[in-house]
S.K.: 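Got a structure for you, questions after.
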Amino acid sequence: MQTTILQEFGPLLNLIHVEDDLIGGTTPQREITSESGLHLASGEYFHPRIRRSLRYTFQRLNDRAERRAHVPSSLEDDPSSEILDRVLDHGLPERTTVFMGVGSDATTPNQYTPDLSFYVAGETDSQRRSLCPNRLPGDMKPSWKWSHSMGQRPIQYSEFSKALSQVNWYMDQHNTQFSFILTERELVPIRRVSGEGDLRLANPIPWTQHGTLQEPKLTVALGLWYLGMMAANDRLYHFP
C-alpha cells in the first residue's frame with residue numbers, strides 16, 4: 001500500500017501543506033478503556049486532521065482543474081501544475097470530493113450505521129442536509145475486541161471473523177469495494193473481492209509508525225487519507 005501511495009500521490013503530498021496543529025503525538029494519548037473512549041479519542045486526535053487534509057487536497061485539485069479550463073498551458077506559470085495535472089489525469093481521472101465523518105453523516109440503509117464514513121456532501125435546505133451514500137464505511141474496535149493478529153489464533157478466530165462479517169455487511173449495504181477497521185493500536189484496510197463475503201486484509205499500519213520527508217512511511221493518518229482518495233475515485237470506490 002505504501003508503494004502505491006507514494007507512486008500515485010507522493011509529489012502531491014509533498015506539494016500540499018496543511019497548517020500544523022496539535023495531534024497529541026503518534027498515538028492517541030487518551031487511555032482507552034472502552035469503545036466509547038476510542039470514539040472520543042479518534043474525534044479528538046486524528047479525525048479533524050484527516051478531514052482538513054482531504055479538504056486542502058480537493059481544494060487544490062479543484063482550483064487547478066478550474067484554472068486549466070480557462071488558462072492555456074502555454075501561459076501556465078505555476079511550477080506545481082505538472083504534479084496536479086498528473087493526479088487529475090491519471091490518479092483521479094473521475095473524482096468527487098468526499099468528506100470524512102461519522103457513519104450517520106451518510107445514508108444508513110435499513111438503519112445499519114457504521115462508525116465512520118467517507119461521503120459526498122448532500123444538498124442543503126432549510127430543514128436538513130439530504131444524505132449521500134457512504135463510499136467507504138469504516139468500523140472502530142478496541143484492540144482487546146479485535147486485532148489483525150487474532151486471525152492467527154484459533155481460540156479467537158470466531159471473534160475475529162465476527163467483526164469482518166459486520167464490515168462486509170456494511171460494504172454490501174453501500175455497494176463499496178473498500179472498508180477498514182481502526183483500533184487504538186492499528187489501522188487495517190479491507191477490500192471486498194467477491195459477493196460471497198471474501199475479504200482481503202492489508203497489512204496492519206501501527207499507530208507507532210511514523211516517517212519523514214526523506215524516509216516516508218505509511219502512517220495511520222496517511223492510510224486514512226489514501227482511503228479517502230480511493231473513495232473519491234468514481235471508477236474505484238464501488239464494488240464491480
Side-chain angles (χ1 to χ4, degrees), residues 1-5 23-47 49-50 100-104 108 110 112-118 134-211 217-228 230-231 237 239:
M1 186 175 179
Q2 175 175 317
T3 302
T4 302
I5 295 175
I23 196 172
T26 56
T27 78
Q29 300 300 298
R30 181 188 300 277
E31 183 179 2
I32 306 300
T33 59
S34 65
E35 191 158 345
S36 59
L38 175 59
H39 285 255
L40 185 61
S42 71
E44 182 176 352
Y45 290 114
F46 80 88
H47 202 139
R49 170 163 289 195
I50 306 305
M100 181 182 181
V102 297
S104 57
T108 54
N110 300 320
Y112 292 104
T113 309
D115 294 325
L116 296 170
S117 64
F118 285 85
N134 187 344
R135 289 186 168 213
L136 198 145
D139 200 28
M140 299 178 67
K141 298 286 186 189
S143 60
W144 62 87
K145 283 190 175 182
W146 191 90
S147 69
H148 187 278
S149 61
M150 287 172 62
Q152 307 301 319
R153 305 170 191 162
I155 195 172
Q156 294 179 310
Y157 191 79
S158 176
E159 197 69 19
F160 174 80
S161 299
K162 187 185 302 183
L164 293 180
S165 177
Q166 182 179 7
V167 167
N168 181 70
W169 180 261
Y170 291 144
M171 286 191 282
D172 182 64
Q173 290 287 295
H174 294 275
N175 193 34
T176 63
Q177 185 172 188
F178 301 100
S179 182
F180 61 92
I181 294 179
L182 180 69
T183 77
E184 83 281 7
R185 294 184 180 272
E186 62 188 10
L187 168 68
V188 180
I190 299 169
R191 182 174 187 173
R192 185 160 62 126
V193 295
S194 80
E196 306 302 321
D198 297 320
L199 305 178
R200 182 176 299 162
L201 277 62
N203 292 330
I205 306 168
W207 272 101
T208 51
Q209 182 160 283
H210 62 279
K217 291 185 178 180
L218 187 56
T219 64
V220 169
L222 179 56
L224 286 168
W225 177 87
Y226 183 61
L227 287 169
M230 293 166 69
Y237 81 91
F239 185 70

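Values in this document were obtained by computation on a predicted structure and should not be read as measured data.
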S.K.: Taking all non-hydrogen atoms of both residues into account, name the closest pair between Glu35 and Lys145 and its distance.
M.R.: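 Answer, listing the atom of Glu35 first, then Lys145: OE1-NZ, 3.1 Å.
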S.K.: In Å and rounded to the nearest 0.5 Å, what is the CZ to OG distance from Arg185 to Ser149?
M.R.: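 Arg185 atom CZ to Ser149 atom OG measures 9.5 Å (nearest 0.5 Å).
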S.K.: Rounded to the nearest 0.5 Å, what separation is found between the CG atom of Leu116 and the CE atom of Met140?
M.R.: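 So the gap between those two atoms works out to 5.5 Å.
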S.K.: Kindly give the heavy-atom pair with the smallest separation between His47 and Met100, and that separation in Å.
M.R.: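 The answer is NE2-O, 3.5 Å.
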S.K.: Please report the shortest heavy-atom distance between Asn168 and Leu199, naming the atom on each side.
M.R.: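 Closest approach of Asn168 to Leu199: OD1-CD2, 3.5 Å.
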S.K.: Could you give me the CA-CA distance, side-chain angles and deciding distance for Asn134 and Tyr170, then say whether side-chain contact (heavy atoms from CB on, under 4.5 Å) is met?
M.R.: CA-CA 9 Å; Asn134 187 344; Tyr170 291 144; over 6 Å; no
S.K.: Donor-acceptor pair, distance only, cut-off 3.5 Å: does the side chain of Gln209 make one with the backbone of Leu218?
M.R.: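 Between the backbone of Leu218 and the side chain of Gln209 there is a qualifying donor-acceptor contact (under 3.5 Å).
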S.K.: How far does CG of Asp198 sit from CZ of Arg191, to the nearest 0.5 angstrom?
M.R.: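 Spacing of CG (Asp198) from CZ (Arg191) equals 13.0 Å.
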S.K.: Could you tell me which non-hydrogen atom of Leu136 sits nearest to which non-hydrogen atom of Ser179, and how far apart they are?
M.R.: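 Looking at all heavy atoms of both residues, the closest pair is CD2-CA, 4.2 Å.
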S.K.: For the atom pair CG (Asp115) and CG (Asp139), what is the distance rounded to the nearest 0.5 Å?
M.R.: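 Taking CG in Asp115 and CG in Asp139, the distance rounds to 4.5 Å.
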S.K.: Contact between Trp225 and Thr219 at the side-chain level, heavy atoms closer than 4.5 Å - yes or no?
M.R.: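 Answer no - side chains too far apart.
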S.K.: Is it the case that the side chain of Ser117 and the backbone of Val102 share a donor-acceptor pair, with hydrogens and angles ignored and the cut-off at 3.5 Å?
M.R.: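 Yes: the side chain of Ser117 pairs with the backbone of Val102.
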S.K.: Within this structure, what is the CD1-CD1 distance for the pair Ile181 and Ile190, rounded to the nearest 0.5 Å?
M.R.: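 Answer for the CD1-CD1 pair, Ile181 versus Ile190, is 4.0 Å.
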S.K.: Do Arg135 and His174 touch side chain to side chain, with heavy atoms closer than 4.5 Å?
M.R.: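 They are not in side-chain contact.
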S.K.: I'd like to know if the side chain of His210 and the backbone of Thr208 have a donor-acceptor N/O pair within less than 3.5 Å.
M.R.: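 Side chain of His210 to backbone of Thr208, a donor-acceptor pair under 3.5 Å: yes, one is there.
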S.K.: In this structure, are over 12 heavy atoms from other groups packed under 6.0 Å from Arg192 atom CZ?
M.R.: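 Enclosed: over 12 neighbouring heavy atoms sit under 6.0 Å from CZ of Arg192.
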S.K.: Compare every heavy atom of Phe118 with every heavy atom of Ala231, then report the nearest pair and how far apart it is.
M.R.: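 What the structure gives for the nearest pair is CB-CB, 4.0 Å.
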S.K.: Quick check: do Leu201 and Leu164 have side-chain heavy atoms less than 4.5 Å from each other?
M.R.: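 Yes, side chains in contact.
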S.K.: Between Glu184 and Trp144, does a side-chain contact (heavy atoms from CB on, under 4.5 Å) hold up when you go through it step by step?
M.R.: CA-CA 10 Å; Glu184 83 281 7; Trp144 62 87; 4.2 Å; yes
S.K.: So, taking the atom named CG in Leu222 and the one named NZ in Lys217, what distance separates them when rounded to the nearest 0.5 Å?
M.R.: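 Result: 13.5 Å between the selected atoms.
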S.K.: So Tyr112 and Trp169, would you call those rings parallel, tilted or perpendicular, with 30° and 60° as cut-offs?
M.R.: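 Perpendicular.
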S.K.: Would Leu182 and Phe46 satisfy side-chain contact (heavy atoms from CB on, under 4.5 Å), going step by step from the backbone distance to the final call?
M.R.: CA-CA 12 Å; Leu182 180 69; Phe46 80 88; 3.1 Å; yes
S.K.: Testing the basics here: between Phe180 and Leu224, what is the closest heavy-atom pair and its distance to 0.1 Å?
M.R.: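 Heavy atoms of Phe180 and Leu224 come nearest at CE1-CD2, 3.9 Å.
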S.K.: Hey, does Lys141 have a side-chain heavy atom less than 4.5 Å from the side chain of Gln166?
M.R.: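 A side-chain contact under 4.5 Å exists here.
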S.K.: Closer than 3.5 angstrom, by distance alone: can the side chain of Ser147 be matched with the main-chain N or O of Ser143 as a donor-acceptor pair?
M.R.: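 Pair absent, no side-chain N/O of Ser147 close to backbone of Ser143.
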